[in-house]
Amino acid sequence: MSEQEFDIAILGGGPVGSALALLLARATPRPGRIVLLQSDSSSLYGHAPAADPRVLALNQGSRVMLDSIGGWPGEAAPIRTIHVSQRGRLGRTIIRNTDFGVPQLGCVVRYADLHASLAHAVAASGVRIMTGPAARIDSQDAHGVTLSQGDLRLRARIAVQADGSPAGPPRREYRQMALITTARSSQPRDGWAFERFTQEGPLAVLPHPEGGGLQSIVWCSAPEHAQALRALAPEAFSEALTQTFGTRLGSLTIEAPVAAFPLALNLRKQATDGRVVAIGNALQTLHPVAGQGLNLGLRDTATLAAALRQWLAEPGADPAGALLQFERQRRPDRTLTAGLTDFMSRGLATRCSVVEHAGGLALLALDLSPSLRAPLARHLLQGLRF
Ligand SMILES: Cc1cc2nc3c(=O)[nH]c(=O)nc-3n(C[C@H](O)[C@H](O)[C@H](O)COP(=O)(O)OP(=O)(O)OC[C@H]3O[C@@H](n4cnc5c(N)ncnc54)[C@H](O)[C@@H]3O)c2cc1C
């Protein structure tokens, strides 16, 4: 069996792996020495990328990055106002784009659209794309990594795991499911995103990329309740949704099947293992409460591409220094973001005043003001009452 040789092999052509492929293609004079290995079976959650029902709230930093690599999808709904509230408590927090002097706080895109636009850009980038059975890392030595995809064997100097698959058992099972669907509101509010904390988990009602009064729903609740909700007829589900969310958007009537995603926290201690490095969901899988997972994964890609830029000019050299730099640079952001979302998914729902802490989607806005990140984090963490 012959072996094909590459500088970098990326396992997984999800949004993170594709974004990395595009960034690396720009950083090397030999994009054909980078290979993107994409599995043709469905993802961890059981959906093919083109049929993945997720919608993603992305911050302004992610938007700028995706735009710059030609991966931003055509349809996106801007978020200009974020409304955070807590069921059973008075009061709310509102964050507006004008607070930051920016046109928008973030955007909502469909996972499937983002996947398609990134795949289109990768196809034109010169990067080799190999689609087939799930790829595998077989072994590594001091000079590189041996991989396989079905009968195909490959050798790469560095392998990047961007397959969305965490290593080992979850660090925390949230005992929550996220129910995803699309609803039409009878009194839509242009550019408003809502996050409502309930006893069982957060309920996000986001503007849908299609517009026209459509809302993307991400409803996190206890698994038994989620199963019961999923079994309801559409009319009964819509009624339960409107009752839990309240009447800020009038009534909510669902117009799509309800999909379920189990939620857990996974966080690898080390991003690198010799010449193998993990990014995106393969490195950390978060609760979706604050819409941070892909935003964080895209920051992994930007840092890894920057760390490898010099090495790509001389790929025969030892990449250990570049990979160590990546490991060190990513640790604070990964730890902080995983800690915040973990805390919010459990703590804010039940114990603390959301109004006081402005949690959840409000984190999207922090990207606009990095100086707020550390003080807010401290504030949130010091407010912990376990
Ligand atoms: C309900 C829900 C809501 C979310 N909302 C948000 C949000 O609002 N904002 C946000 O930023 N994030 C959000 N996220 C998180 C976000 O979806 C993930 O962080 C993001 O999809 C991670 O991208 P990825 O490319 O690392 O992994 P994935 O999206 O999982 O992509 C991995 C790809 O690799 C392929 N693959 C798997 N194994 C192999 C293999 N062995 N060989 C080759 N290919 C392989 C898979 O088929 C898949 O295409 C949400 C997540 C959930 C569950």
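One-based numbering, in listed order, for ligands and for the atoms of each.
- Using a 4.5 Å heavy-atom cutoff, the side chains of Q284 and L296 are in contact.
- Applying the side-chain hydrogen bond (donor to acceptor under 3.5 Å, both in side chains) test between E255 and each of H208, R184, Q215 identifies R184 as the sole match.
- The L58 neighbourhood of ligand 1 comprises atoms 11 (O), with distances under 4.0 Å to a heavy atom of that residue.
- At under 3.5 Å, a nitrogen or oxygen of N295, whether backbone or side chain, sits near a nitrogen or oxygen of ligand 1.
- The main-chain N or O of I129 is never found under 3.5 Å from a side-chain atom of Q38 such that the two would form a donor-acceptor pair.
- Near F261, with a cut-off below 4.0 Å to any heavy atom, the atoms of ligand 1 are 53 (C).
- Residue contacts with ligand 1 for Q292 involve N, CA, C or O but no side-chain atom from C-beta outward (heavy atoms, distance under 4.0 Å).
- Using a 4.5 Å cut-off on side-chain heavy atoms (C-beta onward), R248 and R196 make contact.
- Some N or O of G291 is nearer than 3.5 Å to an N or O of ligand 1, by distance alone.
- Surrounding CD of E210 are more than 12 heavy atoms belonging to other residues, nucleotides or ligands, all under 6.0 Å away.
- Residue-to-ligand polar distances keep L56 apart from ligand 1: every N/O pair is separated by 3.5 Å or more.
- Side chain to side chain, R153 and S148 fail the donor-acceptor criterion of an N or O pair below 3.5 Å.
- Taking the side chain as every heavy atom from C-beta outward, F261 and R54 approach each other to under 4.5 Å.
- Residue nearest to atom 47 (O) of ligand 1, selected from Q38, R54, M177, Q284: Q38 (by heavy-atom distance).
- Taking a cut-off of under 4.0 Å to the non-hydrogen atoms of G280, the atoms of ligand 1 that pass are 26 (O).
- Residue-ligand proximity, I180 to ligand 1, at heavy-atom distances under 4.0 Å covers atoms 1 (C).
- Residue contacts with ligand 1 for L37 involve N, CA, C or O but no side-chain atom from C-beta outward (heavy atoms, distance under 4.0 Å).
- The CG atom of L105 sits 10.5 Å away from atom CG of N59, with the distance rounded to the nearest 0.5 Å.
- Close approach to G164 involves these atoms of ligand 1, each under 4.0 Å from a residue heavy atom: 27 (O), 30 (O), 32 (C).
- Checking L294, V218, V55 against atom 5 (N) of ligand 1, the nearest heavy atom belongs to V55.
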**OP:** Assess whether side chain to side chain contact (heavy atoms under 4.5 Å, CB included) is satisfied between I217 and L179, documenting all intermediate values.
**Re:** CA-CA 8 Å; I217 309 296; L179 297 181; over 6 Å; no
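- Less than 4.0 angstrom separates some heavy atom of Y111 from each of these atoms of ligand 1: 21 (O), 28 (P), 29 (O), 31 (O).
- Within the 4.0 Å heavy-atom cutoff, P15 counts among the residues contacting ligand 1.
- The proximity of P288 to ligand 1, defined as any non-hydrogen pair under 4.0 Å, is limited to the side chain.
- Between A57 and ligand 1, at least one pair of N/O atoms sits closer than 3.5 Å.
- Here the CG atom belonging to L229 is positioned 9.0 Å from the CG atom belonging to L241, to the nearest 0.5 angstrom.
- Residues W219 and L232 fall within the same hydrophobic cluster, defined by Ile, Leu, Val, Met, Phe, Trp and Tyr side chains chained together at heavy-atom separations under 4.5 Å.
- With a 4.0 Å heavy-atom cut-off, ligand 1 is reached by the backbone of A162 but not by any atom from C-beta on.
- Remark: H83 NE2 to I94 CD1 distance equals 4.5 Å, nearest 0.5 Å.
- Atoms of ligand 1 found under 4.0 Å from any heavy atom of A135, numbered from 1 in the order shown, are 40 (C), 41 (N), 42 (N), 43 (C).
- Close N/O approach between V16 and ligand 1 is found [any backbone or side-chain N/O within under 3.5 Å].
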